[in-house]
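Below: one structure, written as structure tokens.
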Amino acid sequence: MEAPTPRSRDMTARWLFLFLLGVAGSAVLQVHGQADSLGFISIDCGLPGKTGYIDSTTKLSYATDAGFTNTGTNHNISAEYVTPTTGKIWRSVRSFPDGLRNCYTLRSLVPGLKYLIRALFKHGNYDGRLNRWPIFDIHIGVNYWQTVNITDGDMPVIAEIITVISGDSVQVCLVNTGSGTPFISSLELRPLKNKLYPQSDMSQALVLATRANVGASANLRYPDDPHDRIWISLNVPSWMAISTTKEVQNSVIDFFEVPSTVTQTGVTSINSSTPIIFFWDVTSAKDSMPGYVFMLYMAELQHLPSNALRQFYVKLNDKPWDTKPRGLKYLETTVLYNEKPDYASQQYIFSLEATTNSTLPPILNALEIFSVVPTTGLATTTHEISAMTTIRDMYQMKKNWMGDPCAPKNFAWNGLHCGYAVSRPPTITGLNLSSSGLSGNISSSFASLKGLQYLGFVR
Ligand SMILES: *[C@@H]1O[C@H](CO)[C@@H](O)[C@H](O)[C@H]1NC(C)=O
Ligand SMILES: *[C@@H]1O[C@H](CO)[C@@H](O)[C@H](O)[C@H]1NC(C)=O
Ligand SMILES: *[C@@H]1O[C@H](CO)[C@@H](O)[C@H](O)[C@H]1NC(C)=O
Ligand SMILES: *[C@@H]1O[C@H](CO)[C@@H](O)[C@H](O)[C@H]1NC(C)=O
Ligand SMILES: *[C@@H]1O[C@H](CO)[C@@H](O)[C@H](O)[C@H]1NC(C)=O
Ligand SMILES: *[C@@H]1O[C@H](CO)[C@@H](O)[C@H](O)[C@H]1NC(C)=O
């Protein structure tokens, strides 16, 4: 533990020591009723005022970002990027020209529960600087989530993470990496059951690369998917779309709860001697070779005569991915997935190939691809964060005091000294407010900072 020592112990130098404050901390995070009856939090970032609205397509209730963040500025996207079909969430953004890290705090969560958290970005030339698209990072709590690379004013970027939240709140932070001003259009949180997506646990999260509703004519989300995953329709000219109006069941042990409306459509290849082939190229700014997990959803949608057989191998990079040839059940989804992330390759080429006995081509109904990110970065303890938040709000300290006070280390708040020990949360050991021109009463929250060894003020 590092413990910086004050330069002067002379009270005329206006150092105040914590032991003078014999009062118990009373800092409590203000808890708002942020979630709706489904436990969903939906924020339309950059919307002015405090009044939200009901989204016309999902019928979900969107809030303004008042109460979720206290930095940044509101903007409308440029008129040339607005058409009558442009959804309301895309029309405004909040941008963060100041500070390295700016955060949204999502509260009233269930500690230990798994959540899907989604950030949406559509630039729309909101700043009137055409063709200057930013690149920035987003963090989930104290952990890197992904790099947001805006390459176009119109094309929305969707960042989604499936992660276990250990506390009763989580921060989503936008981090300026020196390549333009971070901004955000919308932020959404959806609770999941902990059994879903078993590859996501306390130590790693799943970052969405792609989620395809294969053979579908339109994208789907809530209410078709009760978990409000966004399934993007995927059609390839050489694939033949097939569909059913009948309900498609999931198996009894179901880790993914794919909706029937997604698996009711699918594709086959043109004939049984032609495989279904698709590939995924690895692109990552932070990690040259992240691990990947894949879910392939397949269901038989045709009632086959007894002399017909649909049977196929699933191969990844020319090696069998599945142990045996696949036969499918009528109107029941089979999910093929890897439990452990695959680090094998820069390119993942999947091939669904009919066996020699098969009279029918392979079938594919949906797929998901995720990269894996570690979530092992340790946050400052909750009571220290609460105390610091209260101190910040009381003294109206805004500059750089966003996100976790001590973590990650290179983002620690200005004027704060933190102690870092292996596999223990960082602790606040010193607070130097000398440069802040503080005035007013001494917050009792200072007493909550148990590791605090000095405290400095100038009046
Ligand atoms: C506290 O901050 C002031 C102003 O930035 C600086 O001069 C001083 O050295 C700092 N004290 C400690 C103990 O870090
Ligand atoms: C965005 O547009 C709305 C209505 O069109 C207006 O009320 C609001 O003030 C605008 N916001 C900004 C930041 O210009
Ligand atoms: C951002 O996207 C562009 C266009 O695809 C690419 O050339 C560039 O390398 C990307 N940058 C980062 C940091 O990912
Ligand atoms: C299957 O389709 C391919 C590509 O269209 C074609 O070359 C091949 O002859 C077809 N095979 C059969 C058995 O119809
Ligand atoms: C193909 O059919 C033959 C004859 O019924 C059978 O012996 C063989 O095991 C089958 N192959 C596969 C891969 O199922
Ligand atoms: C300081 O505390 C006293 C007593 O609690 C209160 O009357 C006064 O308004 C406070 N002053 C400020 C600036 O908060």
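When a ligand or atom number is given, it counts from 1 through the structure's own listing order. When reading the values below, keep in mind they use all heavy atoms of this one structure, side chains included, and skip hydrogens, waters and symmetry mates.
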Is any side-chain N of the basic residue among [X] and [Y] closer than 4.0 Å to the acidic one's carboxylate O?
X: Glu257; Y: Lys193; value: yes
X: Lys315; Y: Glu353; value: yes
X: Glu188; Y: Arg221; value: yes

Quiz item: Is the gap between the ring centers of Phe294 and Phe278 under 6.0 Å?
Solution: no
Quiz item: Is the centre of the Tyr126 ring less than 6.0 Å from the centre of the Phe183 ring?
Solution: yes
Quiz item: Between Arg190 and Ile41, is there a donor-acceptor pair closer than 3.5 Å when you use the side chain of the first and the backbone of the second?
Solution: yes
Quiz item: Do any N or O atoms from the side chain of Arg310 and from the backbone of Thr359 form a donor-acceptor pair under 3.5 angstrom?
Solution: no
Practice problem: May I ask you to list the atoms of ligand 5 that are less than 4.0 angstrom from any heavy atom of Gln311? | Solution: 14 (O)
Exercise. Any chance you could lay out the ring pair (Phe, Tyr, Trp, His ring centres under 6.0 Å) test for Tyr292 and Phe370, step after step, and finish with the verdict?
Key: CA-CA 6 Å; Tyr292 276 91; Phe370 296 89; 9.7 Å; no
Exercise. Using a strict cut-off of 4.0 Å, indicate which atoms of ligand 3 neighbour a heavy atom of Asn149.
Key: 1 (C), 2 (O), 3 (C), 8 (C), 10 (C), 11 (N), 12 (C), 14 (O)
Quiz prompt | Proximity of Thr355 to ligand 5 by residue part, where a heavy atom lies under 4.0 Å | solution = neither
Practice problem: Consider ligand 3: state whether an atom of it lies below 4.0 angstrom from any non-hydrogen atom of Thr147. | Solution: no
Ligand 2 polar-atom proximity to protein (N/O, under 3.5 Å):
from	atom 1	to	atom 2	distance (Å)
ligand 2	2 (O)	Asn76	ND2	2.4
ligand 2	11 (N)	Asn76	ND2	2.9
ligand 2	14 (O)	Asn76	ND2	3.4

